Trainee: 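Sharing a structure here in structure tokens format.
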2 protein chains.
Amino acid sequence: MSLCGAIQPVAPRLGHIHCALPSDLCIAVTVPSSHPSAASAADNTPAAGGEGDVVNTPGPSFSPLYQQIKSLILRSLQAGEWKPGEAIPSELELAARFKVSQGTVRKAIDELAAENLLVRRQGKGTFVATHAEETVQYRFLRLTPDSPEGNGLVKRQLLDCRRLRAPADIARALNLKTGDTVVEIRRVLHFSGQPTVLDDIWLPGQLFKGLTAERLTEYKGPMYGLFETEFGVRMIRAEEKLRAVLADPADAALLGVEVGAPLLSVERLARTYDDQPVELRRGLYRTEAHHYRNELN
Amino acid sequence: MSLCGAIQPVAPRLGHIHCALPSDLCIAVTVPSSHPSAASAADNTPAAGGEGDVVNTPGPSFSPLYQQIKSLILRSLQAGEWKPGEAIPSELELAARFKVSQGTVRKAIDELAAENLLVRRQGKGTFVATHAEETVQYRFLRLTPDSPEGNGLVKRQLLDCRRLRAPADIARALNLKTGDTVVEIRRVLHFSGQPTVLDDIWLPGQLFKGLTAERLTEYKGPMYGLFETEFGVRMIRAEEKLRAVLADPADAALLGVEVGAPLLSVERLARTYDDQPVELRRGLYRTEAHHYRNELN
DNA sequence: AAGTGGTCTAGACCACGAT
DNA sequence: TCGTGGTCTAGACCACTTG
């Protein structure tokens, strides 16, 4: 474990002088390349290739050390070295492993925490974010009762779960070839007894091999928790597109509204670590007693 | 200016040892309670009263130094010491003024920048965020064309601007007494020639004394820019509640849709620095060719 | 060349949680 | 008591912007 850690990472330094000398000795250390690197900087694409980010300038093209560390941590997360809910090594351990100072590791972790990939807990450690522990609330669901009394039970009603060949639009969104297998799930969420959300969900069949209606109904807790623990697919980010639409007869029947009633349409594309889309979801929300809440900064 | 700066701020330290000694002298400085606090912590409400945050524990009740600095900067912002678009003093100047290290100021500024109150620009300085320079986009408007070609001109059509006594619900939302004067504005936004957004806006009359239809039509640029430069009211944060509704005859006529067409209803409450609500806005969006875009993390 | 923010380090001490 | 993250400092160097 930590053995290989000492070897592999050694981030490609792009020219940094460790002024780790007693201050009185630290006079004009102009050593051109006291660092192991300098040579390795050229061939090794900076940012260690881990970040999906583009290299903007073909010239010198930088990546701060802490960004490189961030990429390395990200890679470990993606590789499953630490599972959701587990603690990652302490800052000091990581610093030793990557051969940088604690402060640099801290800054890398700070950014990952700001992106909700990690969760810091003082005195305990830093943990991999998870959807599985959120009994309080579905992390990505922004639908909120208008009055707090409406905070009753949420019941899930599974309507359908099948495998099929992906229609063109679904395939495109999920970065698949038309005709690739996808899992299609249809379900209704009831809020305090009222049918409120009708979801259609598509997942790449490849990633969700053993997913069946039984597994879905058995599992207690949010669906993303199931995906995470059973299939190793972690939903990290998502984009939503919202529109107002009218209920067609099928929607109306399932949600218990009149045909032509207004519904909030929410199309969500969820992505994993490397920004690969891994779920497409089309939701229809009743908004007479609930609203979609958003904060602007 | 900088004179008073030297006196007034001196943040209430809650116990800190300036170990500003040469490292060779810094041996086991175990002064038991060089920490002033414990006493001063009680009377001086931590967070310097600036933060709207609650004090959770009645006990010791801490506020890290950088949080106190943040509050002080926030107060200067609120007092208008630096205007939107202007640069604030450099980190070193602020460090000197508050008698803390640059790193501490940096952390305070980092948070304010993360909240979009300040904008860092490398090599130039740190600037107060503004709505006035955003010719590209309205900072708070999340409505996006479905296809990028739809990115045509935005035309504003002012329908009405009057003063009136606040109805109960408006007053409550804006933290006013029922019957207080409010400014009511009604307008339509046209996107590439199509009427797309119908806004009803309410503002506290008190804060917007000279606001007239003329001022509104004359001013080029976003309305929040006008509020900022002409009335000194800066919109910092906002919460939105989204719903799907049906067009009533009046809405339908103004937006050029059928009665009963689906519309996205967006109720926005915008706040200033101290979280005081200063604008209530009810928008109706056509979403046939546009959608409301949101990112989840 | 000077000034600003950005990165990196090293080391001290604190608050919190588990032991 | 120990280990963890959290705060604070001080100082060095880097990159970007402006004169």
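Everything numeric here is computed off the predicted structure, so don't read it as measured data. Keep in mind that the numbers below use all heavy atoms, side chains included, and drop hydrogens, waters and symmetry copies. Below, chains carry the letters A, B, ... as their sequence lines are ordered, and counting in each starts from 1.
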Trainee: Heavy atoms from C-beta onward define the side chain here; which of D/dG6, D/dT9, C/dT9 lies closest to that of A/T104?
Mentor: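 It is C/dT9.
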Trainee: Can you tell me the distance, in whole Å, between the OH atom of B/Y66 and the C1' atom of C/dA15?
Mentor: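 To the nearest whole Å, that distance equals 13 Å.
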Trainee: Could you state the CD-P distance from B/Q68 to D/dT7, rounded to the nearest angstrom?
Mentor: 12 Å
Trainee: Whole angstroms only, please: what is the CD-P distance between A/Q102 and C/dC14?
Mentor: 16 Å
Trainee: Can you tell me the distance, in whole Å, between the NZ atom of B/K99 and the P atom of D/dA10?
Mentor: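 Spelled out: NZ on B/K99 to P on D/dA10 is 13 Å.
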Trainee: For nucleotides 1-4 of chain D, which of its nitrogen or oxygen atoms have a protein nitrogen or oxygen under 3.5 Å away, and what is each distance?
Mentor:
{"from": "D/dG3", "atom 1": "N2", "to": "A/G123", "atom 2": "O", "distance (Å)": "3.0"}
{"from": "D/dT4", "atom 1": "O2", "to": "A/G123", "atom 2": "N", "distance (Å)": "3.4"}

Trainee: In whole Å, what is the span from the NZ atom of B/K70 to the P atom of D/dT7?
Mentor: 11 Å
Trainee: Ignoring hydrogens and angles, answer whether the base of C/dG6 and the side-chain atoms of B/R120 contain a donor-acceptor pair closer than 3.5 Å.
Mentor: no
Trainee: Is there a donor-acceptor contact under 3.5 Å from the side chain of B/T144 to the main chain of B/R142?
Mentor: yes
Trainee: Among all residues two or more places apart in sequence or in another chain, which pass the side chain to side chain contact (heavy atoms under 4.5 Å, CB included) test with A/L269?
Mentor: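 So A/L269 forms a side chain to side chain contact (heavy atoms under 4.5 Å, CB included) with A/A173, A/L174, A/E239, A/R271, A/P277, A/L280.
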Trainee: Can you tell me which nucleotide in C/dC8, C/dG6, D/dT9 comes closest to the side chain of A/P64?
Mentor: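 Comparing C/dC8, C/dG6, D/dT9 against the side chain of A/P64, the answer is C/dC8.
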Trainee: Are the side chain of A/Q68 and the backbone N or O of A/S63 linked by a donor-acceptor pair below 3.5 Å?
Mentor: yes
Trainee: Which pairs count as salt bridge (charged side-chain N to carboxylate O under 4.0 Å, His left out) when at least one residue sits in residues 221-236 of chain A, sequence neighbours excluded?
Mentor: A/R215-A/E230
Trainee: Could you give all pairs that pass the ring pair (Phe, Tyr, Trp, His ring centres under 6.0 Å) test and reach residues 109-131 of chain A, with sequence neighbours left out?
Mentor: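 Matches after skipping sequence neighbours: A/H131-A/F140, A/H131-A/Y224.
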Trainee: Rounding to a whole Å, what distance do you find between A/D110:CG and C/dG6:C1'?
Mentor: 15 Å
Trainee: Kindly write out the residues that satisfy side chain to side chain contact (heavy atoms under 4.5 Å, CB included) with A/R106, not counting sequence neighbours, or none if the list is empty.
Mentor: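 Scan of A/R106 (side chain to side chain contact (heavy atoms under 4.5 Å, CB included), adjacent residues dropped) gives A/E91, A/Q102, A/D110, A/R120.
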Trainee: Partners of A/L207 by side chain to side chain contact (heavy atoms under 4.5 Å, CB included), sequence neighbours excluded?
Mentor: A/P204, A/V233, A/V278
Trainee: Kindly say if A/K107 contacts the phosphate of C/dT7, meaning a side-chain N or O under 4.0 Å from OP1 or OP2.
Mentor: yes
Trainee: Atom CG of B/L65 to atom P of C/dC13: distance rounded to whole Å?
Mentor: 17 Å
Trainee: Quick one: A/R106 CZ to D/dC8 P, roughly how many Å, whole number?
Mentor: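 Those two atoms, CZ and P, are 12 Å apart.
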